[in-house]
Every structure is written in structure tokens, then in C-alpha cells.
Amino acid sequence: MLNDTIAAISTPLGEGGIAVIRVSGEEAIPLVDRIFKSKNKLADVATHTVHYGHIIDAKTNDKIEEVLVTVMRAPRSFTMEDVVEVSCHGGIVSVKKVLDELLAQGVRLAEPGEFTKRAFLNGRIDLTQAEAVIDLIRAKSDRAFKVALKQVDGALSKRIGELRFELVELMAHIEVNIDYPEHDVEEMTSAFIREKCQKVMEQISILLHSAEQGKILREGITTAIIGRPNVGKSSLLNALAQDNRAIVTDIPGTTRDVIEEYVNVGGIPLKLLDTAGIRETSDLVEQIGVERSRSALVDADLVLFVLNQAEALTDEDIAMMEQLKDRQTIVILNKVDLTPMLDRGVISEYFSEDRIVELSLLEGKGLNDLEQAISAIFFEGKLEGGDLTYVSNVRHIHLLKEARKSLEDAQQANDIHIPIDMLQIDIRTAWEQLGEIIGDSVAESLIDQIFSQFCLGK
Ligand code: GDP
């Protein structure tokens, strides 16, 4: 299967300036050559060069598309195979025609993620790097993008590699002790095992601790903006969207057609719930707004509860605070440019000061305080300048936990002086579990599952 030549449209379908069809495999160059009319034969050109010409219908010799063709010879390509990229005009019809012509020549249509899968199987990248490619594509904020980029670069692989090296060292010591007991290697005391295991377990714990933050950076904090009509919800939405380049997107690979809106607040992506509801209900009767709020509340990890501080609190506000007091809530006192009318003391009964933020959306004041309050809740205020090696992948988290458990088992066995060749088994298991993260010894079914998450053409 690895030897055949595959092709797919690698740019999003639709109208665009250009569209790229990527072809990879042993026959990529001769197969494209059959339908490419140009001054040069691709078979003769140097690697990493671009060539102008036309894609033709092989049967009629009619020109189908005017194209630029890039040739990248193995192993210096994304897949480490011969790769040809055909850039055509961006229309759906022309791209499809070119692809059809390639398929007619015996090229197989690539499965989602198959190019990246080949890069992995051919040893160009390890599994964490391949998975990070998905994250790169889906990144919703600059920060999430940077984290993914670092992982593509191999930052996580490096950390895992270091931990595995510690364990290999430990196993080697144990091995020597088993094979040459008369040597009685001095460090080979159970204290040494304890120290090494402890060290690796601590490192694993640090990585796991980053997981929660990593998840947030990757998927965003699901956020509901609620409050009575006219308090400034849509103004808040607009301020966040304007200041932070709102990204409107639907989630690829899911069937729901709900449009979700993301905004970045100080580098933290917020996934805003029911923004359409907020915009629509501004002019509608109160009832609808309240119902909308209720349903958004169920899903939210973070609630931004907006109040107009130039109005007295209503019973409804107080009921809402009662409901929100044990949730991750930030109370926004908007319209501080107006004379205060609301009793702040009542709010303090429900929320601590660091959860109350004063804003004037009219004057654009206080948004920084809001950023800080959010950062304080989800990143203990320490987001900036942190180590960007975040573990954010469920599979990685699971394996890290398993490896830590194996080392705990080794520690316990060590404590009750079980013979060291028995400990060796647990330590080896931990080493293998860490290895699975980077794709050492993973099952084929798992590989298929991982790569099927990619979009077509990647
Ligand atoms: P929503 O119904 O909660 O979405 O509220 P809007 O965002 O539509 O705002 C209601 C009204 O309050 C609009 O006329 C805004 O211009 C006004 N408004 C919003 N924020 C402020 C503020 O900070 N100060 C003042 N004075 N007016 C504001």
C-alpha cells in the first residue's frame, strides 16, 4: 500500500486564488508528466523547482488548465517520497478536472491524512509531531498555534525521549546487577531505583499538569455571556471581537452546523456560546433572552455575567448570582462612566473581588482587567512566558498516566524489597508506554485512527 501513488486536493474546496493538488509516491513524477505539457519533462528537471505549463486531457490532448508544477524529489519532501504539487486556478471545476485526469492515469485518491501518515511511516516525523500537524491546522489562537508548532518541531518528543533515556539507564543498571551479581554495582541499591523513578514520575506529573492548560489553548474556554437586556452584552461581544480578531469557524469533521465564534482574550481562546442569540435578542422580549442564557449556561466553562452598574440590582440578578456563585464566573460591572446605582456589597456576598471587573464598553475601558481575571482563573495568572510544551492530546495524557502508574508499582515493589528483576518489568512497561506516545510500537489500528482525523489532502 505504501508504494502506490496518491493524490488529493490540498487546499480547501471552493473558489480561491489558487488551488493545489498534491501527488506523492514513486510514480508521481512520470504520472504527472503524462498529462503535463511544458518546455521541460518533469523527469528531467532538478528537485525543488517550479515549472509553467498546461494540464491536458490525455485522450484528446485538449488543454484543461494552466498550471505551475513544483517537483520535490525523495527524500526531501513532506512525505519523503517524490512529490509533485500542481497549482491551478482556484475554481472547483478546474481543480476537479485536473484531479480526475490524474486518477485516470492510475493515481489513487488519498485518504484523509494519508500524506502526513506517510511522513510518519517513512520516519520523517514521529507520532506526536504528526498529531501536532492536526493541531496546527485547527489552532484557534496564536498561542495554540505556537504550542502546536513547537510540538511539530519535536519539543514533546524530546521531553519524552529524555524520560525514556532515564529509564533505559535505570534498566541498564538493573541488568548489570542481575547478570553480574558478584559486581554488586554500588549505586544499584534500592535507594537509587527510588530516586530515579521518583524523578521520572515528577517530570510526568509536570507534563500532566500542563495538560489542562494545553486543552484550553487548543479548544478554547467555552464561554457564555449572560445578563439582562441592555446591560451591554453585544457591546462586550463586539469589543472582544474587534480587539482580538474574531475567528468564525465551524469545527471540521463534525456534523453539526452551528457556527461557533472564537475570540482571543490575551492569547486565551474563548469559544463563545450562542453569540447569535445575544445579537438577536437585544431587541426582543426579555423572556427569550433569559431562556437563551439558561441553555448556554449548561455548557459553559466560564460565565461572563454582565450587569449595568448604573441600575439597581433586580431580584432576577440576585437569583442569577445565587445560581452562578459556585461556577467559574466573572461579574462584569459595565457602564462605569455613568453614576453608580448598584449595591456592590450585595455582589461581594456572592463573589470575591478578583471575580468582579469594572468596564466601560462605551469608553473601551477595563478590558485588560477582564483579560487578567480570566487568566487568573484558568492559568493561575501565569500564562505569559510559560513553557510551551503543553500536553494536550487525550492519548498522550492517558499514556503518561499509565506510565506513572507503572513506576508507582515499581516503587511499591521496591519498598517491600521485591527482587529487582521483578521491578525491571514495571520499569520496562513504563518505558514502553512512554514510547507509545511518540509512536514507538503502536498498533496499526491506532495509527489509522489518528490519521483519519486529518482533512483530505493533508
Ligand atoms: P445587550 O442588550 O446586553 O446586548 O446590550 P447592548 O450591548 O446592546 O447595549 C445596550 C445599550 O447600552 C447600547 O445603547 C450601548 O451603546 C449602551 N452601552 C453599552 N456599554 C456601555 C457603557 O459602558 N456605557 C454607557 N454609557 N453605555 C453603554
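First listed ligand is number 1; within each ligand, the first listed atom is number 1.
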(request) Select one of side chain, backbone, both or neither to describe which atoms of Arg228 lie under 4.0 Å from any atom of ligand 1, heavy atoms only. (result) backbone
(message) One thing to verify: whether Arg355 and Asp369 come together as a salt bridge, which I'm taking to mean a side-chain N less than 4.0 angstrom from a carboxylate O.
(response) no
(request) Between Val336 and ligand 1, find which residue part has any heavy-atom pair under 4.0 Å and reply side chain, backbone, both or neither. (result) neither
(message) Pro229 versus ligand 1: do any nitrogen or oxygen atoms come within less than 3.5 Å of each other?
(response) no
(message) If the contact criterion is a heavy-atom separation under 4.0 Å, does Lys365 count as touching ligand 1?
(response) no
(request) May I have the step-by-step check of salt bridge (charged side-chain N to carboxylate O under 4.0 Å, His left out) for Glu162 and Lys158, ending in yes or no? (result) CA-CA 6 Å; Glu162 285 160 5; Lys158 189 159 161 275; 3.5 Å; yes
(message) Need the ligand 1 atom indices (1-based, order shown) with element for anything under 4.0 Å from a heavy-atom of Leu361.
(response) 20 (N), 22 (C), 23 (O)
(message) Assess, by modelled atom type and distance only, whether the side chains of Arg404 and Ser205 contain a donor and an acceptor separated by less than 3.5 Å.
(response) yes
(message) Tell me whether Leu338 has any N or O atom under 3.5 angstrom from an N or O of ligand 1.
(response) no
(request) Compute whether any side-chain donor of one residue and acceptor of the other, for Gln433 and Ser406, lie under 3.5 angstrom apart. (result) yes
(request) Taking the side chain as every heavy atom from C-beta outward, state whether Leu272 and Ile225 have any atom pair closer than 4.5 Å. (result) yes
(message) Would Asp337 count as being in polar contact with ligand 1, using the rule that some N or O on each side must be under 3.5 angstrom apart?
(response) yes
(request) Would you kindly say whether Glu66 and His89 are connected by a side-chain donor-acceptor distance under 3.5 Å? (result) yes
(message) Under 4.0 Å from a heavy atom of Ser234: which atoms of ligand 1 are those, numbered in the order shown and with their elements?
(response) 1 (P), 4 (O), 6 (P), 7 (O), 8 (O)
